[in-house]
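Worksheet: the structure to be examined is printed underneath.
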Amino acid sequence: MSDKPKTPPILEVVDGAKKPPSAKKAGTQKPTGNGGGGSGGGRSTPPQKFGEYLIKNGAFHQSRVVKAGPDGSGFVEFPLCDFVCSIKEEVTAEDGLNDASFLRIEGRRADGLPLPAVDVAAKSFFSSQACWPNEAWGSRVFVYPGTAKRDNLRAAVHQFSRLSGDIPRRVVYRFTGWKKIEGAWHYLTGSGAITAAGLIDGVQVDLGPGNMGRYALPAPLAGDDLKQAVADALLLLDAAPNRPHIGAALLASVARAPLGECQQTDFAIWLHGLTGSRKSALAAIAQAFYGDFTARSFPANWSDSANDAEAKAHQAKDGVYTIDDFKPSVNRVEAEKQHAMAERIIRGTGNGAGRGRRTANMQAQAAPFNRSMLLVTAEDLPRGVSLLGRLLVLELGRADVDNAALSKLQHAAQVGRFAGLMSAYLQWLAPRMDRLKAEFPKAVEQLRNAAIRDGFASSHPRAPEIYSNLLAGAETWLEFLEEAGTLTSEQANIVLAEFESCLKQAFSEQGAYQTEQDEVERFLQLLRAAFSSGNGHIATVIKQGPPVTRPFSWGWRSSGKDLNGDDMYKPMGDCCGWYAEPKDGQPAEAWLEPNTAFKIVQEFARHQGDSFLISAGSLIEYEELFRGR
């Protein structure tokens, strides 16, 4: 007879187990939801387990092994939250400085409420300190308290999202311009990327809200449409018939902008004139080559913060970037802010560097800097010769713009011809970028040396460099037009000669702007004005009295006559120097006491609602100031 029991042991265990109470007796309802995220209202489904986690009743739970008795073990399940969600994709946002990753997550609450897709920063998702579900969905979701539960919830979401394989990944670019992707050059734009094959949509570019989103180029033009666009673009040369160099400089800057990848653009175009001169309308034509822009939708203006304007200048890589309406005349405080902002942006452009920053723990942060072709519309000039040296200043009068030509240009921009032309130009550039990165700087250097030799761009040491960059950009653009069959070789040479002549004219006018903003010249002008208004004076060396010649010009005023009937004069303000009469055929000299003279000028400028920027130490270094200039 066998010793084995007739009934299997497992049946004995089952028969001896206590029957769980029914939901009715326990005073509870049936659980709702299902293992896939809790659609609500349906019947309960078996829990979906993965690792030490499971989805039960439409919410994430953790299953933990516990001891059930001295000889056995069991599991305990406890909830982590009241929802189920999954990571749909991992996105890397590349801005050219600090690449940031975020996770796109969506889910469903246990009662069936859909939780919309949200973008959670990767550092927030993987942090033990943050509670990303409440940051993303607010009070609609509940996460059980405790750091351990938050850590396990993160692990559950991560593990659940990988059940079907690795989480999809993609890159979103947050800037325009050239980027080498998988060995081929792509010009990033809001609509995708321009390559040697044309416009492709496999690349995603997100430039953020506002007018920056208008940087979006269409498919390249070809054939008769391209020829018409070229004919329209060349009308820019005739937009200001009395000042043709303005249209030439704008068109050359449009052509030069995409070549910033070949050689950094370290200068800007400053288009200024009185209100009503239609400077913004002309600038909008140049801006329209890079997207759907008008005179009312520039990417930036001077009411923006300096940080915002600088960040957008970094985004608009290899494109025209216009900051509209520099007009620092509202009040003194606002004027100082705009001049300070202009100095920061222009110096950053010329130096190719941004404003360095540090984190709270003193770690260095990459700083945004201008990577665009900066175009400014203004009613005034920035202060200082050093700033003007980084600019090509174009002055526009109210009667300079031809309204008929401007209307044709605006129509062409509105229908997208200029943007389509730029796309064709970029398509032509794409397979040539590696060659141009080596050849374009050499072409700029040759043209710069020729400009220095000819001496027509002598207003500032930077002027020949700016001239050569614009002319080299125009040459590259005309080479494209010739190869595209829109211009013959003879026509291209004629247009190039016109560009060269107009740009030389533009740079021949820069000396006047430099003199106007020369700190030493301005110091002398303010000092003469202070003497004339009675805010200071100069006395003779020997007698400490008024100079014999034009005492009024040296800060003296009539005080009647003495007993002999001779005119008497009294000094006005502080004495800031001494006057030496002509002697032995030598001209008269004025010897200034620098500190007093500087104080007089500084106070006089402040009372005029202006400021004098150069320091006393720097001013003393100019020897001509003390030679009676």
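For the single chain, residues carry numbers from 1 onward in sequence order.
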Worksheet entry | Test of ring centre spacing under 6.0 Å for Tyr425 and Phe289 |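 No, the ring centres sit 6.0 Å or more apart.
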Item to complete: Answer with yes or no after comparing the ring centroid distance for Phe552 and Phe531 against a 6.0 Å cut-off, counting only values under it.
Response: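 When the ring centroids of Phe552 and Phe531 are compared, they turn out to be at least 6.0 Å apart.
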Whether the side chain of [X] engages the backbone of [Y] through a donor-acceptor N/O pair (distance < 3.5 Å, no angle test) should be reported.
| X | Y | value |
| --- | --- | --- |
| Gln505 | Ser501 | no |
| Asp304 | Asn301 | yes |
| Tyr321 | His314 | no |
| Lys317 | Gly177 | no |
| Asp95 | Arg174 | no |
| Lys312 | Pro299 | yes |
| Arg278 | Arg398 | yes |
| Arg214 | Gly291 | no |

Fill in: Worked check of side-chain hydrogen bond (donor to acceptor under 3.5 Å, both in side chains) between Tyr215 and Gln287
CA-CA 9 Å; Tyr215 279 100; Gln287 188 67 64; 3.2 Å; yes
Rounded distance [0.5 Å steps], [atom1] in [X] versus [atom2] in [Y]:
| X | Y | atom1 | atom2 | result |
| --- | --- | --- | --- | --- |
| Asp402 | Asp238 | CG | CG | 8.0 Å |
| Met433 | Leu426 | CE | CG | 9.5 Å |
| Thr195 | Leu188 | OG1 | CG | 11.0 Å |
| Ile285 | Leu250 | CD1 | CG | 10.0 Å |
| Leu217 | Leu421 | CG | CG | 10.5 Å |
| Arg256 | Ser468 | CZ | OG | 9.0 Å |

Salt-bridge criterion met for [X] and [Y] (N-O under 4.0 Å):
| X | Y | answer |
| --- | --- | --- |
| Glu479 | Arg432 | no |
| Lys180 | Asp434 | yes |
| Glu334 | Lys337 | yes |

Discussion item. Could you tell me if Arg462 sits above the aromatic ring of Phe267, with its cationic atom closer than 6.0 Å to the ring centre and no more than 45 degrees from the axis?
Written reply: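 Here Arg462 fails the 6.0 Å and 45° test against Phe267.
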Item to complete: Please say whether the positively charged group of Lys504, taken as NZ for Lys or CZ for Arg, lies over the ring of Phe456, i.e. under 6.0 angstrom from the six-membered ring centre and within 45 degrees of the axis.
Response: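 Yes, Lys504 sits over the ring of Phe456.
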Practice prompt. Please work out which of the three classes, parallel, tilted or perpendicular, describes the rings of Phe326 and Trp302, given edges at 30° and 60°.
Written response: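 Plane angle over 60°, so perpendicular.
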Worksheet entry | Mutual orientation of the aromatic rings belonging to Trp185 and Trp178 [parallel < 30°, tilted 30-60°, perpendicular > 60°] |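 Ring orientation, 0 to 90° scale: perpendicular.
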Atom of [X], atom of [Y] and distance for their closest heavy-atom approach:
| X | Y | answer |
| --- | --- | --- |
| Leu391 | Ile466 | O-CD1, 3.9 Å |
| Ala605 | Leu526 | CB-CD1, 4.2 Å |
| Met341 | Ala309 | CE-CB, 3.6 Å |
| Gln427 | Pro431 | O-CD, 3.2 Å |
| Pro218 | Leu199 | C-CD2, 3.9 Å |
| Leu226 | Ala424 | CD1-CB, 4.0 Å |

Could you tell me whether [X] atom [atom1] has more than 12 heavy atoms of other residues or ligands within 6.0 Å of it?
| X | atom1 | value |
| --- | --- | --- |
| Gln414 | CD | no |
| Asp201 | CG | no |
| Lys437 | NZ | yes |
| Arg435 | CZ | yes |

Just wondering, do [Y] and [X] contact through their side chains at under 4.5 Å, heavy atoms?
| X | Y | result |
| --- | --- | --- |
| His460 | Leu388 | no |
| Phe499 | Leu251 | yes |
| Asn469 | Thr265 | no |
| Asp99 | Val171 | no |
| Leu392 | Phe507 | yes |
| Leu496 | Glu475 | yes |
| Asn493 | Leu478 | no |
| Ser253 | Leu375 | no |

Worksheet entry | Identified side chain to side chain donor-acceptor pair (under 3.5 Å) partner of Gln228 from the options Asp224, Asp232, Asp225 |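 Result: among Asp224, Asp232, Asp225, Asp232 is the only option passing the side chain to side chain donor-acceptor pair (under 3.5 Å) with Gln228.
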Fill in: Partner of Asp324 by side chain to side chain donor-acceptor pair (under 3.5 Å), out of Ser280, Ser303, Ser297
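Passing option: Ser280.
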Practice prompt. Could you verify whether a donor N or O on one side chain and an acceptor N or O on the other, from Arg344 and Asn307, lie under 3.5 Å apart?
Written response: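 Yes, a side-chain donor-acceptor pair sits under 3.5 Å.
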Practice prompt. Give a yes-or-no answer on whether the side chains of Ser533 and Asn535 include a donor-acceptor pair shorter than 3.5 Å.
Written response: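 A pair is found: one side chain offers a donor N or O, the other an acceptor, under 3.5 Å apart.
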Worksheet item: Does the pair Lys327 and Asp380 meet the rule for a side-chain contact (heavy atoms from CB on, under 4.5 Å), with working shown?
Response: CA-CA 6 Å; Lys327 186 181 179 182; Asp380 198 359; over 6 Å; no
Discussion item. With side-chain contact (heavy atoms from CB on, under 4.5 Å) as the criterion, how do Glu379 and His272 come out once you've worked through the C-alpha distance, each side chain's angles and the decisive distance to 0.1 Å?
Written reply: CA-CA 5 Å; Glu379 294 186 20; His272 84 110; over 6 Å; no
Practice prompt. Might you work through the side-chain contact (heavy atoms from CB on, under 4.5 Å) test for Thr349 and Arg390, ending with a clear yes or no?
Written response: CA-CA 8 Å; Thr349 298; Arg390 294 166 168 83; over 6 Å; no
Discussion item. Go through it in stages, so that I can follow the logic: the residues are Leu259 and Leu436, the test is side-chain contact (heavy atoms from CB on, under 4.5 Å), and I'd like the CA-CA distance, side-chain angles, deciding distance and then a yes or no.
Written reply: CA-CA 8 Å; Leu259 299 170; Leu436 285 171; 4.3 Å; yes
Discussion item. Walk me through whether Arg383 and Glu343 qualify under salt bridge (Lys or Arg N to Asp or Glu O under 4.0 Å).
Written reply: CA-CA 8 Å; Arg383 294 170 181 163; Glu343 180 175 9; over 6 Å; no
